[in-house]
2 protein chains.
Amino acid sequence: MTLEEVAKLAGTSRSTVSRVINDDPKVSDEVRTRVKRIIADTGYRPNASARNLAGKSTQVISLLVPRSPVETFNDPFYSLLLKGLSSVCNDRDYGLMLLMLDKSDPHMQHRLLNTHNTDGFILGLSLVNNNPFIPYLTERNIPFVSIGRHPYYTRINYVDVDNIGAAAEAVHHMIKLGLRRIATITFSLQVTAGADRREGYLRALTEAGITPDPELIVEGGFSSLQGYEAMRRLLPFRPEGVFVASDTMAVGAYRAIYEAGLRVPDDISVVGFDDNEQASHLVPALTTVRQPIAELGAVAAEILLDVISEEASQPVQQVLPCALVVRRSCGTPVSNIQMDGKSRVEVGVYLPGQLDTDLTLAFFSASHNEKCCRLI
Amino acid sequence: MTLEEVAKLAGTSRSTVSRVINDDPKVSDEVRTRVKRIIADTGYRPNASARNLAGKSTQVISLLVPRSPVETFNDPFYSLLLKGLSSVCNDRDYGLMLLMLDKSDPHMQHRLLNTHNTDGFILGLSLVNNNPFIPYLTERNIPFVSIGRHPYYTRINYVDVDNIGAAAEAVHHMIKLGLRRIATITFSLQVTAGADRREGYLRALTEAGITPDPELIVEGGFSSLQGYEAMRRLLPFRPEGVFVASDTMAVGAYRAIYEAGLRVPDDISVVGFDDNEQASHLVPALTTVRQPIAELGAVAAEILLDVISEEASQPVQQVLPCALVVRRSCGTPVSNIQMDGKSRVEVGVYLPGQLDTDLTLAFFSASHNEKCCRLI
DNA sequence: GAACGCTATGGGAGCGTTCCCACAAACATA
DNA sequence: TATGTTTGTGGGAACGCTCCCATAGCGTTC
């Protein structure tokens, strides 16, 4: 079924049918209703390829995920990101393609090259080194937005959270509780977020007049196994607290701590990063940094669509705030939390009935009527 | 940059360049290398829309997710499904689009209608009632594969796990341990999988000569909150064991049990379904049914691509097996597990170092050197 | 040496749209 | 009445490919 065939049935021309479909006002009401009726009767669907070919835009964007270790997928990060992306795409009538590429895939180039029907890309992970995608897309003038800034390519479009600030705040939280020997297990340093969180850790220590101790800085990665191993390397140095730069790794860290016969937070305080579902299931529930991941996706999609339609000349860069979610893993009595004047505190006792998506933080902890407190 | 322009630079014709791009053998080596060089130099990318228009196929399939409660996304189900889907799509050079549609979205029809560039659909959830997608796609002769069978539309392509059999096995496991008053919290009955798991529960009881007690059957849903509430409704009836038809709900069920001052498995045994990451984090670790979700996605994609290319006349229907993963939540000493002759048992003590993606079941439980045992 | 095949190549037609221009009819303006 | 403007409509051209057929050049066969 084509425009021409619909036109024939409606006793009019291809052009007029096209106008009806595209809501062009210059069609008489009579013809318009006649055409619409035929379209409904025949179940005609415009051919997207033809439209795109003639119209020079595909109305589709792609999320590019450098398919890293399987952990990529155990992480709810991409689920949430997709949620944000797809809601914006739906609103603006764009399609969303998913492109999982291993940067070491020999066909990577080919797949990117032949990626069908894409007006632009969302880069799902900001690889620090050997990021083949940014130069590739830049050279070809293909619009893209990176999830996460990039330390060297500073003139790209990106959305990021304030990793440095949030990490500093997390560490600061431990410092305020009187801890001094604070270690960190870094997130993958392959990724900007990893480097930034370490940076925030260092900044908080320095600001507090504590000299960072290299022994207390261990490189982790994405997986809880890496968190586990890193924690085991750390334990001999007897840290009082650990800033674990992802909740997934924090799970592994807990395990290492328990295996060593130590307790959280009595022997070691732990702060995570992400506010995974896991964070609230851990016992004790994990104090961590909440990132607005779905919003990150939504904003990225909006920026990309704007860039595509407007050809902005200046890079668009946006940084979203995080929030520290205080639970039990640092043993904080809520009343001890001191404010720095910049954040607002929300204190609440989460009761059983309130368990819902946004309050999963209540989870197991709630069964002890734990007080939860969020800086927002 | 078009074919014609490349041809001009290479001193040949559009047709020949097209042949080079499509690996047509009928091109002399000399011309071929010349053309390839020009393509590389100019960064020429074939226009997908034009290809599709001329070639009558878009090389893209869509995953259709009826965007249900937010729970959809806390569930790792779609992450894993996407993993399977995208690996097949990559292998076969297909693109994967993501289409999140609420069936109550007034523009649903419109969005489906205008979905760009799609050769076929994967239906991500088998809605039992008011499933508007199946008739829509069937009428229009658009190829699709459903994840999960459908009770009424029996002649569609689908991939499913053996929900009935697996649920029966799970309940059978409790029966073998001597439990009699076994309750169930159903999965959303809006979904085939929910109905099937209840069916399996009933079957296992009946086969064991136990009359199902309506008081012990409570409808749950997708979320852990629903699991929590269902369990609270169930507790007054003093079940000895509960088959909770999704791990996410089992988390809520645990909580209700603990709040009532009872213990798992001492007072109540629990069996879940899914083998989420959460399942192994619970204390005690949850005995549950493992579904091969990524494989489900991969098989679905393969079937869809086959259907697209071959126009199979018979519906393709495939059922994948599940495995019962026995942990602590029924208090089973491993040696007590009796075999039914159909399954093989794998018993292992998961030690700290073995923590990896596939063995997350070891998780916290592993710190107690728990014995894990899987029927495989 | 004529007829035939095979190989590499070129060009036309067509895919189903959108965009633009042409044009007829009706109406407003001088 | 002649001229311009507006409104609705129709058709040509183009978008950048693929597919098919035509053909030139060459070797093979009878």
Side-chain angles (χ1 to χ4, degrees), chain A residues 1-36 38-39 42-60 93 95 110 113-119 140 142 309, chain B residues 1-36 38-39 42-60 93 95 110 113-119 140 142 309:
Chain A
M1 181 63 46
T2 71
L3 269 193
E4 207 92 41
E5 295 177 77
V6 173
K8 200 169 202 172
L9 290 173
T12 179
S13 75
R14 170 169 46 89
S15 300
T16 302
V17 177
S18 172
R19 285 186 193 101
V20 171
I21 287 172
N22 295 297
D23 281 326
D24 187 317
K26 301 194 173 209
V27 179
S28 68
D29 285 348
E30 184 224 332
V31 175
R32 182 183 304 278
T33 52
R34 190 145 35 95
V35 170
K36 284 201 165 172
I38 301 284
I39 290 177
T42 56
Y44 162 79
R45 298 172 66 199
N47 178 308
S49 298
R51 287 189 114 156
N52 298 342
L53 180 56
K56 309 211 175 294
S57 115
T58 67
Q59 301 291 105
V60 173
D93 256 320
H110 165 79
L113 205 73
N114 287 300
T115 292
H116 322 276
N117 303 300
T118 283
D119 287 346
R140 287 170 178 71
I142 301 171
S309 58
Chain B
M1 180 65 46
T2 71
L3 268 194
E4 207 92 39
E5 295 177 77
V6 173
K8 199 169 204 173
L9 289 173
T12 177
S13 76
R14 172 171 43 93
S15 301
T16 301
V17 177
S18 172
R19 287 189 192 98
V20 171
I21 287 171
N22 295 298
D23 282 326
D24 187 318
K26 301 193 173 210
V27 178
S28 67
D29 286 348
E30 184 222 334
V31 175
R32 183 183 302 279
T33 51
R34 191 146 36 95
V35 169
K36 284 202 164 172
I38 300 284
I39 290 177
T42 58
Y44 163 78
R45 298 171 67 197
N47 178 309
S49 299
R51 288 188 112 157
N52 299 342
L53 180 56
K56 310 215 176 287
S57 115
T58 67
Q59 300 291 107
V60 172
D93 256 322
H110 164 80
L113 205 73
N114 287 300
T115 291
H116 321 277
N117 303 298
T118 283
D119 286 346
R140 288 173 177 68
I142 301 171
S309 57

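Every chain is numbered from 1 and lettered A, B, ... according to where its sequence line falls, protein lines coming before strand lines. Source: prediction; values computed, not measured. Computation of the quantities below employed the complete heavy-atom set of this structure, encompassing side-chain atoms and omitting hydrogens, waters and symmetry-equivalent molecules.
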Q: Write down the atom of B/V35, the atom of B/A10, and the distance for their closest heavy-atom approach.
A: CG2-CB, 4.0 Å

(Q) Does anything in residues 27-36 of chain B come within less than 4.0 Å of DNA chain D? Heavy atoms only, and list the residues if so. (A) none

Q. What is the per-nucleotide protein-contact pattern of nucleotides 10-19 of chain D, from the 5' end, where B denotes a base atom under 4.0 Å from a protein heavy atom, S denotes such proximity for sugar-phosphate atoms only, and - denotes neither?
A. BBBB-BBBBB

Q. So, do B/T33 and B/D29 sit near enough that their side-chain heavy atoms are less than 4.5 Å apart?
A. no

Q: Decide yes or no for A/N47 and A/T2: does some side-chain heavy atom of the first lie under 4.5 Å from some side-chain heavy atom of the second?
A: no

Please identify each residue that fulfils salt bridge (Lys or Arg N to Asp or Glu O under 4.0 Å) with [X], with sequence neighbours left out.
X: A/R32; result: none
X: B/E5; result: none
X: A/R19; result: none

Nearest-angstrom distance from the residue atom [atom1] of [X] to [atom2] of [N]:
X: B/D24; N: D/dC20; atom1: CG; atom2: P; result: 12 Å
X: A/E5; N: C/dC15; atom1: CD; atom2: C1'; result: 13 Å
X: A/K26; N: D/dT6; atom1: NZ; atom2: P; result: 9 Å

(Q) Suppose we screen for side chain to side chain contact (heavy atoms under 4.5 Å, CB included). Which residues come up paired with B/T42, at least two apart in sequence or across chains? (A) B/M1, B/L9, B/I38, B/Y44

(Q) My understanding is that only residues two or more places apart in sequence, or in another chain, count here; which of them pass side chain to side chain contact (heavy atoms under 4.5 Å, CB included) with A/R34? (A) A/E30, A/V31

Q) So what is the end-to-end bend of the helix from C/dG1-D/dC30 to C/dA30-D/dT1, with 5 pairs used at each end and the value given to 10 degrees? A) 50°

Q.
Under a plain distance cut-off of 3.5 Å, with no hydrogens placed, do A/N52 and A/T58 share a side-chain donor-acceptor pair?
A. no

Q: Name all residues meeting the side chain to side chain donor-acceptor pair (under 3.5 Å) criterion together with A/S13; count only those two or more places apart in sequence or in a different chain, and write none if there are none.
A: A/T16

